[in-house]
Amino acid sequence: MLDRMRRHKGWLKWSLGLVVVTFILLYIPDFLRAKDPAGSALPGDQIAQVNGRGVSVLEFRTAYQRQVAAYRQAYGANVSEQLLRQLGFEQQVLQQLINEQAMVAEGERLGMTVTDDEVRQRVLAMPEFQLNGQFVGEEQYRAMLNTARPPMTPGEFEAGLRRQLLVEKLRAVVTDWVAVTDAEADAEYARRNEKVKVQLVHVAASAFLGQVTATDAEIAAYFDGHKEAYRIGERRKVRYLLVDVESLRQGIIVPSREVERYYNDNIELYSTPEQVRASHILFKTEGKDEAAVRAAAEKVLQEAKGGADFAELAKKHSEDDSNAKLGGDLDYFARGRMVPEFDEAAFGAQPGLLPELVKTGYGFHIIKVVDKKAGSTRTFDEVKAQIREQLVGEKAQRLADVRAEEVAKEIEAPADLDKVAKARGWKVEETGFFAADEPILALGATPQVSAAIFALKEGEVSAPLRVGRGYAIAALSGRQDPALPKLDDVKDRVRTDVLSEKAGKAASEKAAAAAAALKAAPDFVAAAKKAGFEAKASELVARGAALPEVGVNAAVEKAAFALAAGSVSGPISTADGTTIVKVIERQDVKPDEMAASRESVRQDLLDARRTDFFTAYMMKARERMKIDLNREVLNSILG
């Protein structure tokens, strides 16, 4: 309920299923600001086209800004431009916009349209544009859009809404046939809610490692029988030129006025708003007689005024499931996190019990303000070093982007690496041999870089590859074909595998020898102790929970949930030994609770299945589409 209250306050939030939209702009990186028209990308320029439908520079900038704002709200102010670029964030945003246009194009291919009246009806129905259940009016609607950051015109907002409605229609047509039967919903409910309490004995293979040995003959025989497991894949090494971000940082100076301007432009990042801590008792009114609910709430309010323990009253009476067990405690929250009526009451009062009920769209609230914290802002002197460091990093990353692109144009063949290095006073480095799934010393563990290098042919030079230290431009300098190793080259690995296999067998035999006694014993713990084991007990746990000794283990879990209370399993093989489990208690689902939850579980499964099918459908649909990227415009806005 608390989460719903907080989400409801997020005015003007809407989604096309791919682009997270929030109108609190916390951050605009330099590369997204408007460019000088002379030789740079203009807002109307097209970055990409999907079947003739364009993605403009303006759309990209807007989507990027909103995505970053959402990330900053979720993860804090340390989401810097440098970090986002290292993560390839701008490419992700562009891909989302292309996916969005692909969905619209597919909807139009199927003859779908959205009328002006459908758009208008959706606007009128949005809670964000309603006051006391009525549309706020055209003037207020325009004002709300204009005060969003970045501001939007009704035309811009409604164009996005039109795309959203078209995507909804497409998704409905494509996935409405998907169904979930009662049996499937009930099985899922049972899977989520059945619980067991177990005692288990785990015989770890590692306990027997000191008791087993491996002779040379056994090692050789094992190797002969498992040679393919030790096959060495293709290995490569490269010579590369590094555009080192850290080196570029050394020559960057950020003027104090720029640091101060960043501080002033982003003052909200360094401000802590006024906060209040409150507890509440909620009496829901939905589907109920409001007068009766008010009377019940007034009665409890009088008890609170009379000195009754507020937390106990909340536990007993509150219908807010998210915090009733916590005595109604909502912890600290800032303005705007709750619905307006709740905010106004909580922030307008001094600590103590509010004397009157507060009415919101959820019902009646008894509110007790526990504490208040005044807002504060860190001074410029406190954060200027942090800002300067961030700006230096961002400038170094942008400079590395430019340098990498410049250098790439000068390198057409492997020999050019040396020419460019000499001209710039850099040094060509060389890696050792590495496999496709191994980290590359000096360049790091980057799957995309390894994939690009293993796609290179003799005489080719890679495009700039984003690595942890900046960009690498690489050319093959050596290649080793896949091969079966000699035993001597992998003897230690084989010995370890032989010992592990022997230890596992020993653990299995030990468990098997004790299994019959453990099954028949009235006292599982005592029988385990007599056999030289220690039985560990769990609490009541659902599927997917960690169990003592074995953690989250599918095989043990499957056996446990298949047993009746009081039953003992046979030996269960696990990755690191053998386990025997006894079910002490079962908490099976109740038919009436299952029936009551059937529709919500059915909807969860439907949503998941429809999402999976729609994703697969769109992947296939995109194969028919003509998708073009304008690299020049893309490089212009990112460079």
Side-chain angles (χ1 to χ4, degrees), residues 1-13 20 22-24 26-27 69-79 127-128 266-286 293 296-298 300-378 382-383 539 545:
M1 175 62 71
L2 176 59
D3 288 339
R4 289 179 61 209
M5 291 172 67
R6 290 172 171 169
R7 285 198 300 270
H8 182 74
K9 180 61 184 174
W11 65 278
L12 292 185
K13 286 186 180 178
V20 178
T22 175
F23 295 91
I24 306 172
L26 301 179
Y27 168 80
Y71 267 65
R72 287 218 160 194
Q73 283 186 312
Y75 303 112
N78 292 326
V79 179
E128 294 84 352
N266 298 274
I267 191 69
E268 62 269 32
L269 299 180
Y270 310 103
S271 301
T272 301
E274 178 188 11
Q275 291 183 305
V276 66
R277 183 169 190 169
S279 298
H280 81 140
I281 303 171
L282 171 65
F283 295 82
K284 294 181 181 178
T285 53
E286 185 176 2
V293 175
E298 286 284 4
V300 176
L301 175 61
Q302 295 309 313
E303 291 183 48
K305 287 182 177 180
D309 187 286
F310 191 92
E312 291 304 316
L313 290 175
K315 292 176 183 177
K316 182 178 180 180
H317 299 286
S318 182
E319 295 178 89
D320 186 344
D321 295 334
S322 68
N323 55 69
K325 292 181 180 179
L326 302 175
D329 183 22
L330 300 172
D331 208 340
Y332 286 96
F333 55 89
R335 289 185 185 273
R337 298 296 298 274
M338 303 297 183
V339 290
E341 304 90 338
F342 197 103
D343 256 5
E344 183 179 350
F347 281 91
Q350 294 302 312
L353 181 69
L354 271 64
E356 305 293 338
L357 299 176
V358 174
K359 176 74 165 61
T360 74
Y362 296 100
F364 293 101
H365 305 256
I366 301 172
I367 301 176
K368 181 179 181 180
V369 177
V370 179
D371 188 26
K372 301 184 83 170
K373 291 182 180 179
S376 63
T377 300
R378 297 172 69 188
E382 289 177 313
V383 299
E539 299 297 324

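Keep in mind the model is a prediction, meaning the values are calculated, not measured. Positions are given from 1 along the sequence.
Evaluation of the side chain to side chain donor-acceptor pair (under 3.5 Å) rule for Gln350 yields no partner, not counting sequence neighbours. Taking Glu341 as the reference, nothing meets the salt bridge (Lys or Arg N to Asp or Glu O under 4.0 Å) condition, with sequence neighbours excluded. For Lys305, the side-chain contact (heavy atoms from CB on, under 4.5 Å) criterion is met by Leu301, Gln302, Leu353, Pro355, not counting sequence neighbours. With sequence neighbours left out, Lys325 forms a salt bridge (Lys or Arg N to Asp or Glu O under 4.0 Å) with no residue at all. Residues meeting the side chain to side chain donor-acceptor pair (under 3.5 Å) test with Thr377, sequence neighbours left out: Ser271. Looking at residues two or more places apart in sequence or on another chain, you find a side-chain contact (heavy atoms from CB on, under 4.5 Å) between Arg378 and Tyr270, Glu382, Val383, Gln386.
Closest non-hydrogen pair, Gly327 versus Phe310, comes out as O-CD2, 4.2 Å. Shown here for Ala345 and Ile367, the closest heavy-atom pair between the two residues is CB-CD1, 4.3 Å.
Below 30°, between 30° and 60°, or above 60°: for Phe347 and Phe333 the angle between ring planes is above 60°, a perpendicular geometry.
At distances below 3.5 Å, not a single donor-acceptor pair connects side-chain atoms of Lys373 with backbone N or O atoms of Arg277.
Side-chain contact between His280 and Val358 is absent, with no heavy atoms from C-beta onward closer than 4.5 Å. Using a 4.5 Å cut-off on side-chain heavy atoms (C-beta onward), Tyr362 and Lys284 make no contact.
Shown are Val300, Leu354, Leu282; of these, the side-chain contact (heavy atoms from CB on, under 4.5 Å) with Ile366 is made only by Val300.
Separating the NZ atom in Lys368 from the CG atom in Asp329 is a distance of 10.5 Å, to the nearest 0.5 Å.
Around atom CD of Glu539, no more than 12 heavy atoms belonging to other residues, nucleotides or ligands sit under 6.0 Å away.
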